[in-house]
Amino acid sequence: MPPAGIPRAASLWFLLGAFCVWLGSPMSAAALADGGQRPGRDFPHRGLNILFVIADDLRPALGSYGDSLVKSPNIDQLASKSVVFQNAFAQQAVCAPSRVSFLTSRRPDSTRLYDFNSYWRTHAGNYTTLPQYFKENGYITVSVGKIFHPGISSNHSDDYPYSWSVLAFHPSSEKYENTKVCKGKDGKLHANLICPVDVAEMPEATLPDIQSTEEAIRWLKTLKRIKRNFFLAVGYHKPHIPFRYPRKFLKLYPLENVTLAPDPAVPKKLPSVAYNPWMDLRQREDVAALNLSFPYGPIPKHFQRKIRQSYFASVSYVDTLVGKLLDALDETELSHNTVVVFTADHGWSLGEHGEWAKYSNFDVATRVPLMFYVPGVTTQISDPGEKVFPFIDPFAQDSCSGLPGKPKEMVELVSLFPTLAELAGLAVPPACPQPSFHVPLCSEGKSLVQYFPSSGGGQESHGSKRKETPVAFSQYPRPGDTPAPNSDLPLLQDIRVMGYSLRTADYRCTIWFGFNPNNFTIDVKDIHGGELYFEESDPNEDHNRYNKVLRGSPIPKLCHLVDHLKLGSTSVQ
Ligand SMILES: *[C@@H]1O[C@H](CO)[C@@H](O)[C@H](O)[C@H]1NC(C)=O
Ligand SMILES: *[C@@H]1O[C@H](CO)[C@@H](O)[C@H](O)[C@H]1NC(C)=O
Ligand SMILES: *[C@@H]1O[C@H](CO)[C@@H](O)[C@H](O)[C@H]1NC(C)=O
Ligand SMILES: *[C@@H]1O[C@H](CO)[C@@H](O)[C@H](O)[C@H]1NC(C)=O
Ligand SMILES: *[C@@H]1O[C@H](CO)[C@@H](O)[C@H](O)[C@H]1NC(C)=O
């Protein structure tokens with residue numbers, strides 16, 4: 001298959017991007033017309049650097065994704081100069097499986113990592129990772145903060161030396177995350193869920209994400225000096241629980257302004273296998289004190305509001321750090337030749353469906369922000385030293401929401417690898433055969449460059465071939481049919497059911513099949529539950545229509561899951 005058409009950036013795209021007033025002088029059509037530097041003409045640009053920024057458990061609660069409450073002016077500014085995918089999905093809504101999936105460009109059935117406890121190189125296949133590919137192509141690759149999940153799943157080394165040129169940096173203050181550092185009403189220190197802090201009073205007088213930002217900025221200065229192409233990955237720990245963040249961010253979200261989830265009840269027709277009881281929340285001291293009933297709660301309304309307030313405050317805290325990082329990209333005069341990608345490993349349910357966690361196949365858990373800033377493609381190439389990302393103080397400036405012109409296609413994080421390869425002008429890894437355990441370098445995703453808006457902003461793209469309509473897949477394992485303490489995160493040997501979920505523009509269909517962890521097979525005749533939500537009439541995914549559309553067949557026609565995922569072959573070695 002020929003490589004996907006490479007779109008040229010359009011003047012229309014620029015004008016749409018200049019929607020936000022703080023961008024400084026918006027570019028005029030005339031300026032573009034006679035601009036010597038026609039963006040995109042010599043694309044792909046060999047030699048672009050990559051700044052890969054990933055937040056932990058961040059759903060698209062951002063101004064640039066239309067959230068009117070959340071203040072995220074720096075990420076929104078990045079979005080205003082980026083291609084912003086509206087419908088991007090993680091392949092499994094939990095940290096290690098999602099990260100290993102998109103970093104190897106394989107689905108969880110190929111990494112065989114559904115929990116935290118195996119290393120793909122020895123457990124599945126010796127797959128080349130995204131950073132490793134850049135490293136092997138002459139880039140310096142650097143990991144700052146949480147990129148791989150630490151522990152067994154990255155061989156206790158963040159996959160060094162394969163993926164990284166130097167040992168991964170982890171902030172020293174990360175070790176206090178789950179200790180008693182949150183001041184309670186009793187004046188004592190607790191290990192709470194909700195933990196706004198005075199940074200000066202914290203152990204080491206700092207927080208992990210502040211340290212990671214400082215380290216990343218040090219790296220930008222070093223990388224600028226040594227003049228080597230780089231792939232710098234910066235992983236923020238927030239808004240992952242516990243919500244330990246500088247107290248001042250609370251001021252952005254007066255409690256009375258914080259709304260509750262529109263659908264806080266467990267949906268009546270939700271199969272019990274689909275529900276997860278958010279155990280990690282219950283273990284926090286402040287949540288434990290609420291004496292919640294297992295497995296369905298509910299959490300008292302006043303506390304729901306406080307959780308949402310602290311999640312949003314954590315998002316604004318991360319936004320400020322991203323703003324400082326991008327400001328440093330300007331300062332080091334690297335904005336004109338560095339691709340910036342911003343995303344998250346998966347989302348988080350903020351009370352929707354009575355859930356407070358990831359661990360599911362719902363949109364709230366699987367959908368992520370995903371944006372690519374590509375100088376010369378999503379913006380005109382700036383002059384070195386020109387300010388592209390001036391820091392924006394969230395206390396002084398409102399977010400910009402509702403930017404037009406975002407691709408709406410259903411896309412997947414498993415596509416990050418081929419996309420970044422194409423953007424940097426490296427060979428795009430070939431599509432994986434099925435199975436692909438023996439193939440070190442291939443991708444189960446597709447380069448998303450084909451969905452970048454093209455000249456004129458219309459359907460037309462570089463090639464004449466019509467784009468196919470993409471769909472997104474996610475999956476989640478369960479130990480059994482009813483919510484149990486290990487439903488959130490079952491160990492591989494305890495997995496008995498696998499929920500495969502298909503998301504199209506119109507609906508989400510999830511089928512929970514019997515799963516055998518000894519030979520990684522599913523039994524397509526052993527169905528433990530089905531879910532079908534029509535997005536237009538039911539965007540929050542509360543009204544399960546699965547049984548309504550069955551009409552005597554074992555699987556609704558709409559689902560076609562077996563065809564798409566080729567479950568039989570992806571799961572059998
Ligand atoms: C795995 O691949 C790496 C290169 O990607 C290679 O250095 C290593 O020797 C391989 N390991 C095995 C066991 O094949
Ligand atoms: C994983 O780490 C161990 C201990 O450092 C090392 O001996 C082993 O070779 C590593 N595995 C791979 C596949 O590199
Ligand atoms: C809170 O809501 C009020 C009333 O809608 C609004 O005027 C105010 O700006 C909001 N405060 C913040 C910090 O968003
Ligand atoms: C929770 O239970 C404990 C012990 O039974 C009791 O002291 C406490 O008041 C209860 N808290 C709430 C919020 O009901
Ligand atoms: C996997 O194991 C189960 C139970 O032992 C068995 O019934 C099934 O046939 C096996 N599937 C394959 C493809 O080996």
Side-chain angles (χ1 to χ4, degrees), residues 96 99-143 147-170 231 233 417-418 420-421 426-430 432-444 475 477-481 490-498 500 511-528 554 561-562 565-573:
R99 287 165 190 258
V100 167
S101 166
F102 68 70
L103 288 165
T104 61
S105 208
R106 318 274 175 135
R107 298 179 193 283
D109 284 343
S110 298
T111 64
R112 293 187 158 172
L113 181 69
Y114 311 110
D115 58 14
F116 285 68
N117 300 317
S118 61
Y119 182 39
W120 75 92
R121 292 190 191 274
T122 46
H123 181 73
N126 192 15
Y127 308 146
T128 300
T129 70
L130 167 62
Q132 179 185 353
Y133 188 59
F134 277 81
K135 186 180 174 208
E136 289 172 358
N137 278 282
Y139 281 63
I140 292 192
T141 60
V142 178
S143 171
I147 305 300
F148 281 101
H149 193 86
I152 301 171
S153 64
S154 55
N155 204 29
H156 299 285
S157 66
D158 300 82
D159 196 43
Y160 176 84
Y162 304 108
S163 287
W164 309 110
S165 305
V166 290
L167 280 174
F169 170 86
H170 290 285
F231 181 108
F417 188 157
L420 290 176
L426 305 180
V428 176
C432 288
Q434 288 297 350
S436 66
F437 297 104
H438 59 291
V439 184
L441 178 65
C442 67
S443 171
E444 291 183 59
Q475 64 191 92
R478 294 276 185 248
D481 291 318
L491 300 176
L492 174 62
Q493 67 261 26
D494 297 328
I495 298 173
R496 293 293 176 273
V497 186
M498 187 68 78
Y500 287 94
I511 305 183
W512 300 84
F513 293 106
F515 176 89
N516 185 322
N518 300 314
N519 56 15
F520 296 90
T521 54
I522 59 151
D523 180 350
V524 291
K525 295 199 183 71
D526 180 21
I527 295 177
H528 292 244
L561 275 172
V562 176
L565 271 180
K566 296 187 185 65
L567 294 174
S569 59
T570 53
S571 305
V572 185
Q573 183 141 20

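Every number for a ligand or one of its atoms is a count from 1 in the order of the listing. The basis for the numbers below is simple: all heavy atoms, side chains too, and nothing from hydrogens, waters or symmetry mates.
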Does the residue T521 have a heavy-atom contact with ligand 5, meaning some pair of atoms that are separated by less than 4.0 Å? yes
For [X], the ligand 2 atoms whose distance to one of its heavy atoms is below 4.0 Å:
{"X": "N155", "result": "1 (C), 2 (O), 3 (C), 8 (C), 10 (C), 11 (N), 12 (C)"}
{"X": "Y119", "result": "11 (N), 12 (C), 13 (C)"}
{"X": "Y162", "result": "12 (C), 13 (C), 14 (O)"}

Between F134 and F231, how do the two ring planes meet: parallel, tilted or perpendicular, split at 30° and 60°? tilted
How are the rings of F148 and W164 set relative to one another: parallel (under 30°), tilted (30 to 60°) or perpendicular (over 60°)? perpendicular
Per side-chain contact (heavy atoms from CB on, under 4.5 Å), R106 is matched among S436, S101, S443 by S436
Which protein heavy atom lies closest to atom 3 (C) of ligand 1, and at what distance to 0.1 Å? N126 ND2, 3.6 Å
For atom 4 (C) of ligand 1, what is the nearest protein heavy atom, given as residue, atom name and distance? Q132 NE2, 3.6 Å
N/O separation below 3.5 Å, T122 to ligand 2: no
Looking only at N/O atoms, are R121 and ligand 2 under 3.5 Å apart anywhere? no
Establish, for the pair R112 and F437, whether the NZ or CZ atom is under 6.0 angstrom from the six-membered ring centre and no further than 45 degrees off its axis. yes
Cation-aromatic face contact R121/Y127, 6.0 Å, 45 degrees: no
Is there a donor in the side chain of D109 and an acceptor in the side chain of Y500, or the other way round, less than 3.5 Å apart? yes
Per-atom contact, atom 9 (O) of ligand 1, protein heavy atoms, under 4.0 angstrom: no
Proximal ligand 5 atoms for N516, defined as those under 4.0 Å from one of its heavy atoms: 1 (C), 2 (O), 3 (C), 4 (C), 5 (O)
For N519, the ligand 5 atoms with a heavy-atom partner under 4.0 Å come out as 1 (C), 2 (O), 3 (C), 8 (C), 10 (C), 11 (N), 12 (C), 14 (O)
Lys/Arg N to Asp/Glu carboxylate O, D481 vs R496, below 4.0 Å: no
Are the aromatic rings of F417 and F102 close, with centres under 6.0 Å apart? no
